[in-house]
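Let me begin by presenting the structure, written as structure tokens, before commenting on it.
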Amino acid sequence: GPVEAAKDEL
Amino acid sequence: MNIFRVSADILHLLSILVLLLKIHATKSCAGISLKTQELYLAVFVTRYLDLFWNFHSLYNSVFKVVYIATSSMIIWYMKRHRGVKQTYDKDHDTFRYLFLIVPCAVLALIVNGRFSLFEILWTFSIYLEAVAILPQLVLLQRTKNVDNLTGNYVFLLGLYRAFYILNWIYRYATEPHYSAWIVWLSGLVQTGLYLDFFYYYLQAWKQSKKLQLPS
């Protein structure tokens, strides 16, 4: 998705 | 987790600590934009709302708490500390932050991963972080003479963003389904805003002179 993958970043 | 990501987070923390240390040691916040600090606190609070129910890792949780606490402390110093608040450059720090908050909120309502309250707040925080440095850059431009610690603060912040880009490239190359273009585009904009500052910072550093921005 456009954001999901980055949810583990700060 | 890769070396770029860890370096980025540490640089981010360092930038905040440099600023806190400057304020604490010199009892002065001259040259620091309260607007930018308040925007950063808004970024952290809207992004880390999930702190209480979405446990990802101890690493993430500790950083989230530290970011919220340290930026609150900076704001407290600038607004409440008897000596420090008198050094605040109120007359030059006049950037209207609604000009940043409103467009980011509208954009988050339109372009997001999922239409839900927390998702939209999270996306808003991504957009807002990209532009939150603007009041600080405008203030530096207006006051022109930048003291070393303020210069280092902005430089470390820019470096933190640059390392996040390296982290994304690394993850894109090594993780099969890694894609987050909203975050990438915002991150590119954010890092781009520092390029001009970087140029003058490195020039001053090379000539070991005090950082001066052109008008």
Side-chain angles (χ1 to χ4, degrees), chain A, chain B residues 1-2 4-6 8-13 43-44 47-48 50-51 54-57 59-68 108 111-114 116 118-120 122-127 129 160-161 163-165 167-168 170-172 175-187:
Chain A
V3 289
E4 224 40 61
K7 282 285 165 65
D8 57 348
E9 292 172 357
L10 285 167
Chain B
M1 199 73 92
N2 56 66
F4 305 114
R5 160 76 195 281
V6 177
D9 293 333
I10 291 172
L11 283 165
H12 192 188
L13 185 60
V43 166
F44 293 143
R47 188 175 310 167
Y48 302 152
D50 66 349
L51 189 59
N54 251 345
F55 182 78
H56 183 268
S57 65
Y59 175 93
N60 274 18
S61 298
V62 169
F63 265 105
K64 289 175 180 182
V65 172
V66 168
Y67 288 154
I68 293 174
V111 185
N112 54 56
R114 186 162 16 99
S116 72
F118 292 115
E119 190 67 26
I120 287 167
W122 189 88
T123 314
F124 167 74
S125 82
I126 295 292
Y127 296 146
E129 190 188 356
Y160 137 65
R161 291 317 307 182
F163 270 90
Y164 251 96
I165 291 178
N167 158 61
W168 295 329
Y170 180 84
R171 289 188 70 177
Y172 187 75
E175 291 176 33
H177 300 290
Y178 183 72
S179 158
W181 56 265
I182 287 182
V183 180
W184 297 342
L185 283 178
S186 311

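Bear in mind that the values here come from a model prediction, so they are computed numbers and not experimental data. Numbers restart at 1 for each chain; the letters A, B, ... are given by sequence-line order, proteins then strands. Side chains are part of it too, since the values below use all heavy atoms of this structure and drop only hydrogens, waters and symmetry mates.
- Residues B:R171 and A:D8 are paired through a salt bridge, judged by an N-O separation under 4.0 Å between the basic side chain and the carboxylate.
- Within the 3.5 Å criterion, the main-chain N or O of B:G187 finds no donor-acceptor partner in the side chain of B:R161.
- Applying the 6.0 Å contact sphere to OH of B:Y178 captures more than 12 heavy atoms from other residues, nucleotides or ligands.
- For B:E119, the part lying under 4.5 angstrom from a heavy atom of chain A is the side chain only.
- No part of B:N54 comes within reach of chain A, as not one of its non-hydrogen atoms sits under 4.5 angstrom from that chain.
- Contacts of B:N60 with chain A are made by both backbone and side-chain atoms, with heavy-atom separations under 4.5 Å.
- Enclosure of atom OH in B:Y170 is not indicated, since only 12 or fewer non-hydrogen atoms of other residues, nucleotides or ligands lie within 6.0 angstrom.
- Chosen from B:S179, B:G113, B:S57, B:A8, the residue pairing most often with chain A at heavy-atom distances under 4.5 Å is B:S179.
- By number of non-hydrogen pairs under 4.5 angstrom with chain A, the leading residue of B:Y48, B:Y164, B:W184 is B:Y164.
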Decide side chain to side chain contact (heavy atoms under 4.5 Å, CB included) for B:F4 and B:W168; before the verdict, give the C-alpha distance in whole Å, the side-chain angles of both, and the deciding distance to 0.1 Å. CA-CA 9 Å; B:F4 305 114; B:W168 295 329; over 6 Å; no
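- Looking at B:F44, neither its backbone nor its side chain comes within 4.5 Å of chain A, counting heavy atoms on both sides.
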